[in-house]
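Notes for the one structure printed next.
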Amino acid sequence: MLDDKILHFFKKRGSSYVSGEELSEAFGVSRTAVWKHIEKLRDEGYEIAASPHLGYKLMSVPDRLTSVELGWQLNTEVIGKRIYSYKEIGSTNDVAYSLATQGEKEGSIVIAEYQTKGRGRLGRKWISPRAKGVYFSVILRPDILPKDISVITLISSLSVAKTIRDLTNLAAFIKWPNDVLINKQKVCGILTELNGETDKINFVIVGIGINVNAKKELLPKEATSLSVEKERLISRLEFVKMLLRNLDVYYKIFNKGKIDQILKEYKRLSAILDRRVRVNYHNSSVSGHAIDVDKEGALILRLDSGFHERVLAGDVVLLR
Ligand code: BT5
């Protein structure tokens with residue numbers, strides 16, 4: 001798209017002016033056509049100064065999650081090497097899943113400003129207020145067995161909690177297996193889906209939803225957003241770029257087999273370890289003391305009987 005090419009041209013120039021003539025020559029279009037594209041970019045929220053003698057200069061970019069903005073100087077090795085961005089989508093997980101089925105490379109992401117069919121686990125809904133949050137899915141092809149898939153959710157939740165802490169200083173904690181909380185309220189949910197056979201993974205889709213600038217009224221009762229907690233708007237663009245870099249780093253550490261290092265950081269940010277919890281799953285539940293998370297991402301509970309139980313999935317309720 002010419003708009004994207006013009007943006008790239010501006011970005012490469014940094015803070016200097018670009019003349020209309022230069023742009024028209026570079027892209028083989030008339031100066032009027034260049035001007036029309038500049039107007040279109042302005043309509044999208046880009047602030048572009050125009051001077052009769054000097055030409056155009058990019059002053060500021062909108063907080064939009066486009067592939068051009070996200071990919072600019074992202075500098076990751078795997079995660080986000082290719083970015084598919086949408087204004088509206090059913091579910092980013094569904095689109096990522098179908099791309100992966102067609103052979104899409106590991107690390108590609110699908111991101112959208114709005115989801116009409118945002119999903120949680122077990123057919124639950126994920127509310128995705130338009131342009132207020134971050135909703136994306138990453139395609140991974142990890143060399144692990146399907147039974148160890150929880151470790152991918154573990155890496156992802158750690159990356160989210162770390163990003164929140166680094167960018168906002170808010171005390172984000174991870175609620176096993178797939179939530180991130182601030183002040184005991186859910187700010188992020190993760191949906192990890194797998195395609196594979198009993199002993200082999202073809203690909204994994206990690207869907208991450210984060211409430212960034214949504215007001216309380218737009219969210220479910222027990223949810224919060226970064227802006228509600230921080231009492232100011234947060235740049236979604238900055239947030240996603242930082243998160244993609246953190247995911248890239250932790251996924252690399254994981255691929256080097258250093259899961260111990262990840263677990264150490266994870267446990268420090270856990271909202272449930274050393275607490276009494278109930279885990280609900282498959283129409284039943286189990287209560288106990290959360291004592292550990294193991295290398296496969298499973299939760300270890302100490303039951304009242306003294307026995308240890310290894311839990312692979314479920315919904316955790318903090319008891320006290
Ligand atoms: C999750 O499921 O928390 C996983 C959510 C994953 C969402 C991402 S967005 C990008 C990608 N594309 C998708 O379609 N999905 C992923 P679960 O643990 O089952 O929690 C679902 C429950 O969280 C719902 O039943 C609500 O109670 C609550 N919920 C829904 N929307 C929420 C929101 N925006 N913030 C906080 N809680 C929410």
Side-chain angles (χ1 to χ4, degrees), residues 65 70 79-80 83-100 108-140 149-150 152-154 156-157 159-161 164 172-194 203-229 234 236 239-240 243-244 247 271-272 277 279-282 297 299 311-318:
L65 307 178
L70 288 167
I79 311 295
I83 299 169
Y84 296 86
S85 59
Y86 294 81
K87 283 196 175 140
E88 187 171 320
I89 206 167
S91 155
T92 57
N93 263 42
D94 294 344
V95 174
Y97 198 98
S98 85
L99 281 170
S108 296
I109 73 163
V110 176
I111 190 161
E113 295 281 6
Y114 179 61
Q115 295 187 115
T116 52
K117 290 189 186 128
R119 294 190 282 115
R121 294 172 302 156
L122 308 168
R124 295 176 195 139
K125 281 201 177 118
W126 181 259
I127 315 268
S128 318
R130 192 185 295 273
K132 302 281 184 213
V134 165
Y135 321 112
F136 73 103
S137 303
V138 189
I139 297 170
L140 295 176
I149 173 118
S150 305
I152 299 294
T153 314
L154 190 148
S156 310
S157 56
S159 303
V160 171
I164 294 176
F173 288 99
I174 306 159
K175 182 169 156 237
W176 184 95
N178 68 321
D179 293 351
V180 177
L181 312 178
I182 300 174
N183 284 327
K184 299 191 177 133
Q185 294 173 302
K186 184 160 169 172
V187 71
C188 162
I190 298 171
L191 175 66
T192 309
E193 294 179 307
L194 164 106
F203 60 80
V204 175
I205 306 297
V206 186
I208 304 181
I210 301 140
N211 304 322
V212 181
N213 289 328
K215 291 189 177 144
K216 266 265 191 217
E217 308 85 89
L218 293 173
L219 299 171
K221 219 173 86 222
E222 289 182 357
T224 191
S225 71
L226 299 182
S227 65
V228 167
E229 298 298 321
I234 306 290
R236 293 180 307 144
F239 184 87
V240 186
L243 174 54
L244 295 177
L247 277 167
I272 68 164
V277 299
V279 187
N280 298 323
Y281 55 92
H282 303 313
L299 175 66
V311 188
L312 283 166
D315 288 307
V316 173
V317 182
L318 287 162

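Just follow the structure's listing: the first ligand is 1, and inside any ligand the first atom is 1. Source: prediction; values computed, not measured.
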At a 4.0 Å threshold, what atoms of ligand 1 neighbour a non-hydrogen atom of [X]?
X	value
A223	35 (N), 36 (C), 37 (N)
R119	5 (C), 6 (C), 7 (C), 13 (C), 14 (O), 15 (N), 16 (C)
F136	10 (C)
N211	33 (C), 34 (N), 35 (N), 36 (C)
G118	14 (O)
T92	10 (C), 11 (C), 12 (N)

Considering only the protein, which heavy-atom contact is closest to [atom], and what is its distance?
atom	result
atom 29 (N) of ligand 1	P220 CG, 3.7 Å
atom 22 (C) of ligand 1	K186 NZ, 4.0 Å
atom 24 (C) of ligand 1	K125 O, 3.5 Å

(Q) Looking at atom 27 (O) of ligand 1, tell me if a protein heavy atom falls under 4.0 Å from it. (A) no

Between [X] and ligand 1, find which residue part has any heavy-atom pair under 4.0 Å and reply side chain, backbone, both or neither.
X	result
V187	neither
D94	neither
Q115	side chain
R124	side chain

(Q) Check this for me, if you would: do K184 and E222 make a salt bridge, where the nitrogen-to-carboxylate-oxygen distance has to be below 4.0 angstrom? (A) no

Q. For L122, is the nearest heavy atom under 4.0 Å from an atom of ligand 1?
A. no

Q. Taking distance alone, with no angle check, do R121 and ligand 1 share an N/O pair under 3.5 Å?
A. yes

Q | I127, any N or O under 3.5 Å of ligand 1 N or O | A | yes

